[in-house]
Amino acid sequence: QKEVEQNSGPLSVPEGAIASLNCTYSDRGSQSFFWYRQYSGKSPELIMSIYSNGDKEDGRFTAQLNKASQYVSLLIRDSQPSDSATYLCAVKGGYGGSQGNLIFGKGTKLSVKP
Amino acid sequence: EAGVTQFPSHSVIEKGQTVTLRCDPISGHDNLYWYRRVMGKEIKFLLHFVKESKQDESGMPNNRFLAERTGGTYSTLKVQPAELEDSGVYFCASSQIAGGPDTQYFGPGTRLTVL
């Protein structure tokens with residue numbers, strides 16, 4: 001069974017701090033990795049994708065991937081109260097089976113305190 | 001450009017009744033996915049259409065669930081008869097390309113409550 005694990009939180013950080021969200025996955029053949037943000041009662045919204053080992057930066061967000069350790073993380077710099085949401089880690093594209101569907105973790109709830 | 005839309009937003013039905021959920025993908029997206037989130041669990045894949053064909057339906061829980069995508073445009077997901085454990089939020093997503101780095105865009109979901 002392919003799994004994606006995340007700490008459920010809540011993770012609480014003060015405004016302006018760095019929030020660090022972590023995710024591990026079980027399928028070593030996974031090829032694509034995504035971070036979605038979901039506000040309560042809303043649809044998941046893609047904020048970052050990463051496909052190669054290393055860091056990928058986009059504004060205040062940095063995704064980090066380590067395929068050897070089967071680990072992906074998301075750093076949010078200068079956290080704002082509007083970043084308060086549930087962050088979902090999703091993985092796609094293991095060898096064999098469908099390469100289209102996403103496998104999600106349960107999500108980490110982030111709370112940024114003013 | 002309109003996003004993925006789903007109808008209805010909420011549905012409350014009794015055990016044994018039938019419910020049909022609808023998803024309209026982003027125009028031009030050949031790939032359409034159904035996912036479900038049961039309370040306390042992660043979002044789980046149900047099935048994947050490429051145009052009107054079912055590419056992968058390995059996540060469908062049982063034969064009470066029937067998905068269609070006639071004409072390769074909108075899709076429906078019918079649950080018949082509904083059971084208590086079918087309660088949850090049903091998401092639809094669409095993308096242009098199935099494999100690799102293609103982004104899946106999610107709809108707002110349909111919250112289904114079976115009493």
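Naming convention: chains lettered A, B, ... in sequence-line order (proteins, then strands); numbering from 1 in each chain.
Within 6.0 Å of atom NZ in A:Lys67, more than 12 heavy atoms from other residues, nucleotides or ligands are found, so the atom counts as buried in its surroundings. Counting heavy-atom neighbours within 6.0 Å of A:Asn7 CG, excluding the residue itself, gives a total of 12 or less. Remark: B:Leu66 CG is packed, more than 12 non-hydrogen atoms of other residues, nucleotides or ligands lying under 6.0 Å away. Environment of NZ in A:Lys56: crowded, with over 12 heavy atoms of neighbouring residues, nucleotides or ligands closer than 6.0 Å. Around atom CZ of A:Phe61, more than 12 heavy atoms belonging to other residues, nucleotides or ligands sit under 6.0 Å away.
Heavy-atom distances place the side chain of A:Tyr36, and not its backbone, under 4.5 Å from chain B. Of the two parts of A:Ile103, neither the backbone nor the side chain holds a non-hydrogen atom closer than 4.5 Å to a non-hydrogen atom of chain B.
Side chain of B:Tyr33 to backbone of A:Leu102: no donor-acceptor contact under 3.5 angstrom is found. With hydrogens and angles disregarded, no donor-acceptor distance shorter than 3.5 Å links the side chain of B:Arg111 to the backbone of A:Gly41.
Criterion: ILVMFWY side-chain heavy atoms under 4.5 Å apart, direct or through other members. Under it, A:Trp35 and A:Leu11 are part of a common hydrophobic cluster. Hydrophobic clustering (side-chain heavy atoms under 4.5 Å, transitive across Ile, Leu, Val, Met, Phe, Trp, Tyr) keeps B:Val19 apart from B:Met39.
Taking the side chain as every heavy atom from C-beta outward, A:Asn101 and B:Tyr35 approach each other to under 4.5 Å.
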Test log, rule side-chain contact (heavy atoms from CB on, under 4.5 Å), inputs A:Lys92 and B:Gln104: CA-CA 11 Å; A:Lys92 183 168 75 168; B:Gln104 291 186 23; 4.2 Å; yes

Derivation and outcome, ring-ring contact (aromatic ring centres under 6.0 Å, His included), residues B:Phe45 and A:Phe104: CA-CA 9 Å; B:Phe45 167 75; A:Phe104 282 90; over 10 Å; no

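Annotation for A:Ser43 and B:Pro108: closest pair CB-CA, 3.7 Å, computed over non-hydrogen atoms.
For the atom pair A:Gln38 CD and B:Ile43 CD1, the distance stands at 5.0 Å (nearest 0.5 Å).
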